[in-house]
**Q** 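Provided herewith is a single structure, encoded as structure tokens, for subsequent inquiry.
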Amino acid sequence: MMLRTCQVLYSQAGSPTRGWQPLSFDGGAFHLKGTGELMRALLVLRLCAWPPLVTHGLALQAWSQRLLGSRLSGALLRASIYGQFVAGETAEEVRDCVQQLQTLSLRPLLAVPTEEEPDSTVKTGESWYEGNLRAMLRCVELSRSLLKTSAPTGNILMQLKLTALTSTWLCKVLTSCIGRPGASSELSPERLAEAMDSGRDLQVSCLSTEQNRHLQASLSRLQRVVQHAQAQHVRLLVDAEYTSLNPALSLLVAALALRWNTSREGGPWVWNTYQAYLKDTHERLRQDAEAADRAGLAFGVKLVRGAYLDMEREMARLQGTKDPTQPDYEAANQSYRRCLELMLTYVSHCGSMCHLMVASHNEESVHQATKRMWELGIPLDGPVSFGQLLGMCDHVSLALGQAGYAVYKSIPYGSLEEVIPYLIRRAQENQSVLHGARREWELLSQELRRRLLGRGLRALC
Ligand SMILES: Cc1cc2nc3c(=O)[nH]c(=O)nc-3n(C[C@H](O)[C@H](O)[C@H](O)COP(=O)(O)OP(=O)(O)OC[C@H]3O[C@@H](n4cnc5c(N)ncnc54)[C@H](O)[C@@H]3O)c2cc1C
């Protein structure tokens, strides 16, 4: 079905007479960074590309704590990996980091790092999820307070990991229920949305009493976090995780979207994430966009390649099921290109009812997005934004930011104890990106050489 065409005329879009100019990711924008920052980035990216450090990261951390003591080991981490990829521990430290980013025309996308531990009774109990809810509510407040103006704007974004508010165990059960015949009416987004809104008890027949109780508590947490975020004008970007959980996560997002993404609420407050490395993503994205359009709902998408490749393949192998991921890197790239094209076309038709974050470090994807935005007349700082991780691919983020695009850096924050296990797991999942950091490393070296030689020559004169 064709989308309702609500063609928007974008007055701020690039002038057609000037033509599209590809951005230059040659590290020129590194002149905006301090020498100390460049040196730390050089060291940390080099270390992260060394597989044993990433594979045995948690063991090495425990070993360094025993050998050096927790203060010295903590100081080393703060000067290196933690300092590179994490904003800090306190609200003040996060604010300082964000202020620096803002001077470089980059925006914050705060993320509360949480790692459920299925074998731990503490990290799976209801009180753990309630604690996470409080952390998410504080993150909403912090995201809001980082914006200097008190006027409501639509551009405060925050990441939300649903498995911090509901257990992976429940999501797995829900995912298997969704596939059963007759489940569609019992587990419809409408039914869940009604339960969230009214707070009335919801009974799902494929869940045990305990699971039903946890579902009820989870729905209430979701409702509270979105309600608060919308009141503070913060849009929530829900993370995609494993395929064993994603259908349940998407069901929860669809339920939230019914309530919070209506046209009268002012654009999408709850976005979903689509992983292009999955074979069925392009079709799902098309169906979801059309369904949102039919229902008159705003639609928000974070488009990523996907972070759990090895785990997805390993799970499929162990369970004897079909590998859900694309067969190789080129196929994943092709899928990303198609999803990006689809979404940019939707945005150009539906304007502010459709939002997209191109969450990628890949230069080709960023070129494709900027070129198509220009061709379709989508403004640089409108419903399409770009996202990269803090401390990664700054040459891409800085070039985009300097050119006037909306660029967000995904920023985890928290104490060393909370964040290091999270970082190590992310680094394990993103090995290919860290290997690809070779180009960034070369650009950083080039900028440092330029500075040091310049200083040397000045000293000689
Ligand atoms: C702001 C932000 C938010 C994010 N949120 C999420 C999220 O919610 N969920 C999530 O899963 N990830 C998320 N990510 C991580 C994202 O998926 C990774 O950054 C991404 O996988 C790296 O891809 P790239 O486009 O940056 O770069 P590239 O380096 O070009 O691509 C690497 C990716 O290509 C794919 N790939 C590589 N080799 C193969 C192969 N042989 N076969 C098939 N595919 C292959 C993998 O997805 C791999 O990660 C997020 C990233 C950012 C920046």
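Side chains are part of it too, since the values below use all heavy atoms of this structure and drop only hydrogens, waters and symmetry mates. Counting starts at 1 for both ligands and their atoms, in listed order. Given the structure is predicted, the values throughout are model-derived calculations rather than measurements.
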**Q** Does the N or O separation between Y329 and ligand 1 drop below 3.5 Å for any pair?
**A**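 Y329 vs ligand 1: N/O contact under 3.5 Å present.
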**Q** Find all atoms of ligand 1 within a distance of less than 4.0 Å from any non-hydrogen atom belonging to T273, and give their numbers and elements.
**A**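 In order of number, 7 (C), 8 (O).
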**Q** Quick one: does G306 get within less than 4.0 Å of ligand 1, heavy atoms only?
**A**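 A heavy atom of G306 does come that close to ligand 1.
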**Q** Can you list the steps and then say if Q388 with S397 is a side-chain hydrogen bond (donor to acceptor under 3.5 Å, both in side chains)?
**A** CA-CA 7 Å; Q388 284 97 35; S397 314; 2.7 Å; yes
**Q** Run the numbers for me: atoms of ligand 1, each under 4.0 Å from some heavy atom of A307, listed by number.
**A**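 Answer, ordered by atom number: 10 (C), 11 (O), 12 (N), 17 (O).
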**Q** Is the closest basic N to carboxylate O distance between E314 and R317 below 4.0 Å?
**A** yes
**Q** Please find the pair of heavy atoms, one from R313 and one from D328, that lie closest to each other, and give the distance.
**A** NH2-N, 4.4 Å
**Q** Number the atoms of ligand 1 from 1 as they appear, then name those within less than 4.0 Å of a heavy atom of H361, with their elements.
**A** 19 (O), 24 (P), 25 (O), 26 (O), 53 (C)
**Q** G387 heavy atoms, cut-off 4.0 Å: which ligand 1 atoms fall inside?
**A** 53 (C)
**Q** May I ask you to check if ligand 1 and R305 share an N or O to N or O distance below 3.5 Å?
**A** yes
**Q** Can you give me the closest heavy-atom contact between W271 and M357, atom names plus distance?
**A** CZ3-N, 3.8 Å
**Q** Atoms of ligand 1 less than 4.0 Å from A240 heavy atoms?
**A**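 Every atom of ligand 1 under 4.0 Å from some heavy atom of A240: 7 (C), 8 (O), 9 (N), 10 (C), 11 (O).
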**Q** So, regarding Y308 and ligand 1 (criterion: nitrogen or oxygen to nitrogen or oxygen, under 3.5 Å), is there a contact or not?
**A**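 No.
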**Q** If the cut-off is 4.0 Å to any non-hydrogen atom of L389, which atoms of ligand 1 fall inside it?
**A** 52 (C), 53 (C)
**Q** My understanding is that we take every heavy atom of each candidate and find the minimum distance to atom 42 (N) of ligand 1. Doing that for Q388, M392, M357, R313, which one comes out nearest?
**A**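 Selected option, by shortest heavy-atom distance: R313.
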**Q** Just which atoms of ligand 1 are under 4.0 Å from any heavy atom in Q326?
**A**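 So the answer, numbered in order with elements, is 42 (N), 43 (C).
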**Q** E312 near ligand 1, heavy-atom distance under 4.0 Å?
**A**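 For ligand 1, residue contact (heavy atoms, under 4.0 Å) with E312 is absent.
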**Q** Can a cation-pi geometry be assigned to R305 and Y336, taking NZ or CZ under 6.0 Å from the six-membered ring centre and within 45° of the ring axis?
**A** yes
**Q** Please state whether T325 comes within less than 4.0 angstrom of ligand 1, counting heavy atoms only.
**A**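 In this structure, T325 fails to qualify as a contact of ligand 1 - no heavy atom is under 4.0 Å.
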**Q** Should you measure from each heavy atom of S360, which atoms of ligand 1 turn up under 4.0 Å away?
**A**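 So the answer, numbered in order with elements, is 24 (P), 25 (O), 26 (O).
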**Q** Can the ring centres of F25 and H367 be said to be less than 6.0 Å apart?
**A** yes
**Q** If you compare all heavy atoms of S445 against all heavy atoms of L42, which two are closest, and at what distance to 0.1 Å?
**A**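 Nearest heavy atoms, S445 then L42: OG-CD1, 3.6 Å.
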